[in-house]
Amino acid sequence: MLNPTGAPAVAEIQTIEDARQSAQKETAPAWMDELRTLIASGQIHEDFDSRVTHSRDRLPFGRFRSRSEQLTGTLPSVVVEPKSIPEVQQVVRLAGRENISVIPYGSGSGVLGGTVPFAGEMILSCRHMNTIQVIDETNRIARADAGTNGLVLENTLREKGYTCGHYPQSLSMSTVGGWAACRGAGQASSRYGNIENLIVGMKVVLPDGELLEVRHAPRRSVGPSILEMFIGSEGVLGVIVEVTLRIWRLPEQEIDTVMAFPDLEHGLAAIRDIMQAELRPALARLYDEAESIKWGLEAPPGGVIPVITMLSFAGLYGVAEAEAEAAMKICEAHGGKISDREPMTQWQAKRFESHSDAFVDAGGYYETIEVAAPWSTVGAMYEQMKAAVNERHPVVQLSAHWSHAYSDGSCMYLTCKIPAMADDEALPIHADVWEIIMRICLDTGGTISHHHGIGCFRNRWIAEELNHGHRVLEGLKRALDPALLFNAGKLGLKAEN
Ligand SMILES: Cc1cc2nc3c(=O)[nH]c(=O)nc-3n(C[C@H](O)[C@H](O)[C@H](O)COP(=O)(O)OP(=O)(O)OC[C@H]3O[C@@H](n4cnc5c(N)ncnc54)[C@H](O)[C@@H]3O)c2cc1C
């Protein structure tokens, strides 16, 4: 069987039943006794079910395997859930002494296999570190433990009239530590920024057990940004234990509009001009024809099925209105027409739900791949990807929408659906679609990930994307974690010395 995980030491395919039988014959490692002296027994899970649950995240390939009762990699040896920073430090120091490999874990909502163990690693879950410590209204920041659930943070802020401004679709399934570790983006990124614009302080337990603190500052010019080194570190440089984020007043007014454009080119040009006019939409999403159809709008008489754009402006009364008005004019100049609001209502109702579950449960193969590219290439890049995928795999339905817009380019979010068929037939197609999309992206000046990160599934392409930057990352990894104990084999880094 093809190994598309890109992981360096992928275990043989193992069925969950085989893993159960092996687990029954295991003897606990010698360090387990010491672990029990550090952490209360209720925070240590050695049972088979906990280990299976933590053996995969939301990586689609892992979901396909799991549907066939197979593991993606291995079982973790144990799941440990410290409750405080000193407990994390003690566990990390034990790991260093005993040469135990560790995978930091938030909620397992990652979609690139970032928390998948490949060599029986210990899962260090931040689940019980979930206190919102400070909401500082004067400085408009909030400080929260890394394991704080995104929706809990947002709801707590809303009760006081604030918002965190970071709304990943996985808001209720993810943690603030996971947001930082994956360098995520929320649906309102064009207004509030991505996670790197929102995080202004952090505490990290380094692989040697020391606590690094990047104190909150509105900005600093003190050498390269240490904070940024950990944003996107995906668990390979230690455990993020606390995050400080900017927060925002809830908007006084929100204005939503749905616009229809004759084609993609006009829609993309409108979004580009909105961003280049320095407007800050809270939402700017453009769907290709295939994805526009699903909203169920009627085509105009004699016209083509329109391409749909959802726009939203938020902020002070007057300001939001003025921005919306200016955006409308730009849309109209590109042939845009105000359309029925229904798609926005439907989207809002399901904006924090997973859309793949029904398709996967029915036996299909559902994948999403997000990339980013400059405006000059992003439209042509999609046409090239679609043509190549259609030619090689006519059975695949490839569609896209554009979200997270900037003055210089946009994120392009591709959805790939393969109908129900046998794994042996579908998985090589799935792997080849990845190959086609990543290849065209790299060859046409795009970046291989906008916000999902690398995990293990993008291992094959990271060195080409970062060129000498990957050597810099490797150096940082070896300086902080010379024994390569932290999330080995992710971010394209070597798993063994
Ligand atoms: C339906 C769905 C929709 C999604 N939508 C979005 C979206 O809109 N925007 C977006 O950005 N992402 C999205 N994602 C991806 C995912 O939810 C994010 O990457 C999220 O930030 C992961 O958080 P988590 O707490 O679940 O992390 P996990 O999945 O537990 O971990 C992800 C990675 O981060 C590392 N990690 C986690 N916590 C820590 C920590 N405390 N210290 C060090 N390393 C850590 C792990 O080792 C792993 O490498 C979506 C996922 C799903 C399933």
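This chain uses plain numbering: 1 for the first residue, then up along the sequence. In listed order, ligands and their atoms are each counted from 1.
The atoms of ligand 1 that sit less than 4.0 Å from any heavy atom of Gly178 are 21 (O), 23 (O), 24 (P), 25 (O), 27 (O), 37 (C), 38 (N). Numbered from 1 in the order shown, with element, the atoms of ligand 1 that lie under 4.0 Å from a heavy atom of Asn487 read 47 (O), 49 (O). Here is the list of ligand 1 atoms found below 4.0 Å of a heavy atom in Ser354: 1 (C). Close approach of ligand 1 to Thr115 (heavy-atom distance below 4.0 Å) involves ligand atoms 28 (P), 30 (O), 31 (O), 46 (C), 48 (C). Residue-ligand proximity, Gly108 to ligand 1, at heavy-atom distances under 4.0 Å covers atoms 26 (O), 28 (P), 29 (O), 30 (O). Near Cys126, with a cut-off below 4.0 Å to any heavy atom, the atoms of ligand 1 are 41 (N). Using a 4.0 Å cut-off to heavy atoms of Ala181, the atoms of ligand 1 that qualify are 34 (O), 35 (C), 36 (N), 44 (N), 45 (C). For ligand 1 and Trp179, the ligand atoms under 4.0 Å from any heavy atom of the residue are 21 (O).
Checked for salt-bridge contact, Glu465 and Arg460 miss the test: no charged N lies under 4.0 Å from a carboxylate O. By the 4.0 Å N-to-carboxylate-O rule, Glu234 lies too far from Lys490 to be salt-bridged with it. For the pair Asp361 and Arg63, the salt-bridge criterion is not met [side-chain N within less than 4.0 Å of a carboxylate O]. No salt bridge links Glu46 with Arg51; every basic N to acidic carboxylate O contact stays at or beyond 4.0 Å.
In terms of protein heavy-atom proximity, atom 25 (O) of ligand 1 is nearest to Thr175 OG1, 2.6 Å. Of all protein heavy atoms, the one closest to atom 7 (C) of ligand 1 is Pro168 CB, 3.4 Å. Gly106 N, 3.6 Å is the protein heavy atom nearest to atom 37 (C) of ligand 1. Closest to atom 15 (C) of ligand 1 among all protein heavy atoms lies Ser109 O, 3.8 Å. Closest protein heavy atom to atom 9 (N) of ligand 1: Ala185 O, 2.7 Å. When only non-hydrogen protein atoms are considered, atom 41 (N) of ligand 1 lies nearest to Ile240 O, 2.9 Å. Considering only non-hydrogen protein atoms, atom 5 (N) of ligand 1 sits nearest to Gln169 CB, 3.5 Å. The closest protein non-hydrogen atom to atom 49 (O) of ligand 1 is Glu234 O, 3.1 Å.
Residue-level proximity to ligand 1 for Arg58 is carried by the side chain, the only part with a heavy atom below 4.0 angstrom. Only side-chain heavy atoms of Cys182 come within less than 4.0 Å of ligand 1; its backbone N, CA, C and O stay farther off. Neither the backbone nor the side chain of Val204 comes within 4.0 Å of ligand 1, counting heavy atoms alone.
Across all non-hydrogen atoms, the minimal contact from Lys477 to Val236 is NZ-O, 2.8 Å. What you find for Met129 and Ser84 is that their closest heavy atoms are CE-C, 3.8 Å.
Shown here are the side-chain contact (heavy atoms from CB on, under 4.5 Å) partners of Glu34, two or more places apart in sequence or in another chain: Thr37, Leu94, Arg97, Glu98. Partners of Thr163 by side-chain contact (heavy atoms from CB on, under 4.5 Å), not counting sequence neighbours, listed by chain and number: Glu154, Arg158, Tyr167, Tyr192, Trp248, Leu250.
In this structure, Tyr365 and Phe64 have perpendicular ring planes: the angle between them is above 60°, well past the 30° mark. The aromatic rings of Phe457 and Phe61 are tilted relative to each other, their planes meeting at an angle between 30° and 60°.
Closest heavy-atom approach to atom 47 (O) of ligand 1 within the set Gly235, Gly113, Gly110, Pro104: this belongs to Pro104. By heavy-atom distance, the residue among Ala180, Pro60, Ser170 lying nearest atom 13 (C) of ligand 1 is Ser170.
Every heavy atom of Gly186 sits 4.0 Å or more from the atoms of ligand 1. Contact annotation: Val239 has at least one heavy atom less than 4.0 Å from an atom of ligand 1.
With hydrogens and angles ignored, the 3.5 Å screen pairs no side-chain donor or acceptor of Asn194 with any backbone N or O of Ala185.
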Test Tyr406 against Trp375 for ring-ring contact (aromatic ring centres under 6.0 Å, His included), laying out the working first. CA-CA 9 Å; Tyr406 307 87; Trp375 290 117; 8.7 Å; no
